[in-house]
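Contents: one structure, followed by commentary.
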Amino acid sequence: MQVFDKFEKKFLFGLTRIFAMLIILGILIAVGVGGIMFADLSKGIDTKVTAIEVTNAIKPPAVVDMVSIPSTQSPENQNLLPFVKLPFVLQKHFNEPGSVKILKGWLDALPLSAHQNFIDEMAKTVTESDKLKLPYAEAIDKYKQLKFKKLNEEISAKAERRTQQLYFIGAIFGAIALIALFSLILVLLAIERNTRRVEG
């Protein structure tokens, strides 16, 4: 029996301790690597639409479902768009209630904080399209399409990040539970070893 006791103490206890420690170390490394990967995934999508993107998308001009933006003079846009500063290059295209209501409808689909950015990027697009003699209505429509596409991609990416965040939190709780379990094994081994020493 002494042989078995020595084998158990010297080999099995040591092997179990090493195995438990390796598993705990592996779990900690996995949590660390997962945290780094999650940090990389949490970077946002760039929703900026440049004038070059728009002009490249409509060169040569293609037939698209353009929003009709009339150009007759009328001064009512300030009442409909109270929270944005409309650059002069857009004022000449959005200068009657019908066209301003269309623009307001686009802005209403965005958070208030994104309104001015949307307008400023559109102004750059129209400026560039004017330089290249491209139809302004087509440039505005294409800008709107590209911008909303990028914003929708950002919303999808945020939803995916939230799901990944929940999975990661679940994985951390699972890792903590496993570490606690293997720590308990190590504690029980230490108690068993100390008890045998006292008895011996």
Side-chain angles (χ1 to χ4, degrees), residues 33-172:
V33 170
I36 291 167
M37 288 174 66
F38 183 75
D40 286 339
L41 287 170
S42 66
K43 289 177 182 173
I45 289 176
D46 184 14
T47 58
K48 184 177 179 182
V49 175
T50 63
I52 306 248
E53 279 181 87
V54 177
T55 53
N56 285 343
I58 62 173
K59 262 195 315 189
V63 177
V64 296
D65 289 333
M66 291 185 291
V67 176
S68 177
I69 302 171
S71 58
T72 55
Q73 294 295 325
S74 183
E76 298 185 26
N77 60 353
Q78 287 303 319
N79 294 333
L80 290 170
L81 300 171
F83 299 111
V84 293
K85 182 181 175 186
L86 205 62
F88 179 73
V89 72
L90 293 181
Q91 286 177 22
K92 61 183 179 179
H93 301 309
F94 292 94
N95 54 16
E96 75 155 32
S99 60
V100 175
K101 278 179 185 174
I102 292 169
L103 179 59
K104 185 178 184 303
W106 296 347
L107 293 174
D108 286 345
L110 303 173
L112 188 61
S113 59
H115 287 191
Q116 192 60 53
N117 178 258
F118 183 88
I119 293 293
D120 292 342
E121 287 182 12
M122 183 187 288
K124 289 176 185 173
T125 296
V126 172
T127 302
E128 189 66 24
S129 70
D130 285 348
K131 284 181 192 172
L132 298 172
K133 308 287 189 223
L134 295 170
Y136 73 87
E138 191 171 348
I140 289 171
D141 187 64
K142 183 58 72 175
Y143 165 76
K144 189 262 296 184
Q145 289 175 23
L146 291 172
K147 186 68 174 180
F148 275 82
K149 181 183 173 188
K150 286 193 177 187
L151 289 169
N152 286 333
E153 285 172 358
E154 185 187 37
I155 289 167
S156 298
K158 279 182 180 176
E160 190 178 340
R161 282 198 299 272
R162 277 194 291 269
T163 304
Q164 288 170 344
Q165 198 171 28
L166 290 174
Y167 284 141
F168 186 64
I169 290 167
I172 285 176

Anything under 3.5 Å between a donor and an acceptor, one on a side chain of residues 126-135, the other on a protein residue two or more places apart or in another chain? List them.
| residue | atom | partner | partner atom | Å |
| --- | --- | --- | --- | --- |
| T127 | OG1 | A123 | O | 2.8 |
| S129 | OG | T125 | O | 3.4 |
| S129 | OG | V126 | O | 2.8 |

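Rounding to the nearest 0.5 angstrom, the gap separating the CZ atom in F148 from the CD1 atom in I155 is 9.5 Å. The structure places CG of L107 at 12.0 Å from CD1 of I102, a figure rounded to the nearest 0.5 Å. Taken to the nearest 0.5 Å, the NE2 atom of H115 stands 9.5 Å off from the CG atom of L103. Once rounded to the nearest 0.5 Å, the distance linking CZ of R162 with CD of Q165 reads 9.0 Å. The structure places CZ of R161 at 10.5 Å from OG of S156, a figure rounded to the nearest 0.5 Å. Put simply, CG on L86 and CE on M122 are 9.0 Å apart, with the number rounded to the nearest 0.5 Å.
V100 approaches F94 most closely through the heavy-atom pair CG2-O, 3.5 Å. Heavy-atom minimum distance, F118 versus Y143: O-OH, 2.9 Å.
Taking the six-membered ring where tryptophan is involved, the planes of H93 and Y136 are essentially parallel, since the angle between them stays under 30° and well short of 60°.
Within the 4.5 Å cutoff, the side chain of N152 has no heavy atoms near those of the K149 side chain.
In terms of the side chain to side chain contact (heavy atoms under 4.5 Å, CB included) criterion, residue partners of Q116 (sequence neighbours excluded) are, by chain and number, V84, K85, I119, D120.
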